[in-house]
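The structure under discussion appears below in the form of structure tokens.
First listed ligand is number 1; within each ligand, the first listed atom is number 1.
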Amino acid sequence: MSFVSRGFAGRRRKTPPGRLPPGQYDVGDGFPVLSAGPTPRTALASWDFQVQGQVDGVRRWSRTQFQGLPRESVSVDLHCVTSWSKFDTRWEGVSVDTLLADVVTAAEFAVAFSDGGYTTNLPLADLTGGQAWVVDTYDGQPLEPEHGGPARLLVPHLYFWKSAKWVRGLTLTLEDEPGFWETFGYHNYGDPWREQRYAGD
Ligand SMILES: Nc1nc2c(c(=O)[nH]1)N[C@H]1C(S)=C(S)[C@@H](COP(=O)(O)O)O[C@H]1N2
Ligand SMILES: [Mo]
């Protein structure tokens, strides 16, 4: 005998129509943690963010300076290559447009680098135009270390591995230089709507 009616399974809100890319499922209220290594614990006092590489001068913001930059709130859907998607996630941080505002560069690519050694590459055009942020707040709270605190990159229009956790900066490059997962056979670009999971997709 079972008292559990099928109705209870339907308590989770429904997947918003048209927002689930091919091969993905809605993870609902859960927020999986996916890290290729241990969670680095960076002292907030020593955290900084740098823009380096093909630039007319390295830009560096201390934690305090970073917190003084203009901030944006965004609500976005996340799509992990392991096939979970999470809708309407709320973040706060600094637009990459703000960080690159006065940088003079001929670069067309960038490599985001993180504490712990993780890297991921993107075309510069995918980091600008209101498409990417360095976020330090999730759902109104300081970003937890497991999810990338003190700060992570957020590039929601690409698979979530492009959103480098524990990010410390961007290296602007003339040539495209594959990052961590990209060297291990994942797709170089990673558009979830074109299901670009692996090299060759
Ligand atoms: N530094 C770093 N960033 C990372 C990763 C990682 O292993 N190290 N994993 C990526 C992958 S594959 C995904 S799906 C998301 C997971 O973020 P979450 O743990 O907050 O869900 O972070 C991405 N950013
Ligand atoms: Mo992922």
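Applying the ring-ring contact (aromatic ring centres under 6.0 Å, His included) test between Y186 and each of Y159, F160, W181 identifies W181 as the sole match. A side-chain hydrogen bond (donor to acceptor under 3.5 Å, both in side chains) with D48 is found for one member of R63, R168, Q65 and no other, namely R168.
Within the 3.5 Å criterion, the main-chain N or O of Q54 finds a donor-acceptor partner in the side chain of T105.
In summary, the side chains of S35 and E146 do not present any donor paired with an acceptor at a separation below 3.5 Å, with no hydrogens or angles considered.
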Could you give the N/O to N/O pairs under 3.5 Å linking ligand 1 and the protein, each with its distance?
unit_1, atom_1, unit_2, atom_2, d
ligand 1, 1 (N), K165, O, 3.0
ligand 1, 3 (N), K165, N, 2.8
ligand 1, 7 (O), A36, N, 2.6
ligand 1, 9 (N), L34, O, 3.2
ligand 1, 17 (O), R152, NH2, 3.1
ligand 1, 19 (O), L34, N, 2.9
ligand 1, 19 (O), K165, NZ, 2.5
ligand 1, 20 (O), H147, ND1, 2.6
ligand 1, 20 (O), R152, NH1, 2.7
ligand 1, 21 (O), P32, O, 2.6
ligand 1, 22 (O), R152, NH2, 3.1
ligand 1, 24 (N), S163, O, 3.1

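Ion pairing between R19 and D26 fails under the 4.0 Å rule for side-chain N and carboxylate O. Between E182 and K162 there is a salt bridge, since at least one side-chain N of the basic residue sits less than 4.0 Å from a carboxylate O of the acidic one.
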